[in-house]
Amino acid sequence: MPSARAFIVGNWKMNGLEAELAEARAIAAWLDEHPVGARVGLCPPATLISRMAEALAGTGIEIGGQDCSAEASGAHTGDVSAQMLRDAGAGLVIVGHSERRADHGEKNADVAAKAKAAAGCGLEPIICVGESLQERRIGRASAVVAGQVRASVPLVLAEHAFAVAYEPVWAIGSGLTPSVVEIEAVHRAIRSALTERLGGRGVAVPILYGGSVKADNAAGIFAADEVGGALVGGASLTAESFTGILAAA
């Protein structure tokens with residue numbers, strides 16, 4: 001782990017109404033009683049960003065969006081700009097999640113443009129990369145992911161805070177997790193691609209692991225080489241499951 005301080009972010013995906021803010025408050029209350037020394041973030045759906053930011057003000061939990069447009073404004077019905085996320089109270093934004101790449105056809109260039117837009121508005125982008133099961137089976141995981149990093153991380157990020165999240169597509173929501181050895185191999189490839197792309201700046205970028213992270217496997221993942229935290233999906237939706245992961249940090 002490049003830093004002693006883990007970065008753990010919950011991605012609520014398309015889940016959560018106002019009632020679920022109680023879970024966010026419960027996470028904050030748990031952290032108040034159990035300081036973990038990690039950076040903690042929550043990325044709710046866009047409809048909850050401003051209300052969650054208000055509910056968690058002063059708690060230290062960072063708030064993020066799950067996507068943003070590469071455009072600043074204009075005739076883009078249904079899209080949300082990075083500046084709008086910032087205005088709503090976000091400080092983070094996930095870009096390039098495999099579900100965006102698969103369901104919305106986003107390419108590496110699109111992800112890079114979104115990351116650049118986010119950083120330009122003062123948001124910290126979390127750039128997601130990951131291989132398919134077929135790419136894993138033919139031994140191309142590290143090469144595919146390193147290529148995604150090189151193409152999805154714009155050079156301008158050498159001057160901005162950001163993170164990379166490795167999420168093997170086949171592990172997301174499946175209950176399957178690569179071995180620690182497999183995680184370490186890909187994270188090392190990501191680190192190499194980051195330093196190749198950004199020079200010395202790439203050494204300190206947090207590399208998060210995501211893909212069926214749970215309380216019972218989090219400690220082993222956090223202890224792996226070059227793992228700087230986690231991007232957590234379904235297990236971040238309740239305080240009970242998310243705090244179990246935080247306790248392992």
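The structure presented is a predicted model; accordingly, all values stated were derived computationally and were not measured.
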Q) What residues, two or more places apart in sequence or in another chain, satisfy ring-ring contact (aromatic ring centres under 6.0 Å, His included) together with His34? A)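 Partners of His34 under the ring-ring contact (aromatic ring centres under 6.0 Å, His included) test: Trp30.
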[X] side chain vs [Y] backbone, donor-acceptor pair below 3.5 Å:
X	Y	answer
Arg191	Val203	yes
Asn108	Arg150	no
Glu62	Gly91	no
Gln83	Cys121	no
Thr243	Leu246	no
Arg101	Cys128	yes
Ser50	Ala88	no
Ser69	Ser81	no
Ser192	Arg188	no
Arg51	Thr47	yes

Check the side chains of [Y] and [X] for a donor-acceptor pair under 3.5 angstrom, ignoring hydrogens and angles.
X	Y	result
Glu20	Trp12	no
His97	Gln66	no
Tyr209	Glu226	no

(Q) Going by side chain to side chain contact (heavy atoms under 4.5 Å, CB included), Ile127 matches just one of Ile94, Leu157, Val93, Val149. Which one? (A) Leu157
Within the structure provided, determine whether [X] and [Y] are in side-chain contact (heavy-atom separation under 4.5 Å).
X	Y	value
Glu106	Val111	yes
Val145	His187	no
Val95	Ile126	no
Ile207	Val227	no
Ile49	Pro44	yes

Nearest 0.5 Å, please: how far is [atom2] in [Y] from [atom1] in [X]?
X	Y	atom1	atom2	result
Tyr166	Leu231	OH	CG	13.5 Å
Phe242	Leu42	CZ	CG	5.5 Å
Leu123	Phe162	CG	CZ	15.0 Å
Thr177	Trp170	OG1	CH2	7.5 Å

Q | Under the side chain to side chain donor-acceptor pair (under 3.5 Å) test, residues paired with Arg86 that sit two or more places apart | A |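 Partners of Arg86 by the side chain to side chain donor-acceptor pair (under 3.5 Å) criterion come out as none, since no residue qualifies.
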Q: For the pair Glu131 and Arg136, evaluate salt bridge (charged side-chain N to carboxylate O under 4.0 Å, His left out) and give the outcome as yes or no after the intermediate values.
A: CA-CA 7 Å; Glu131 84 282 3; Arg136 161 66 59 182; 3.1 Å; yes
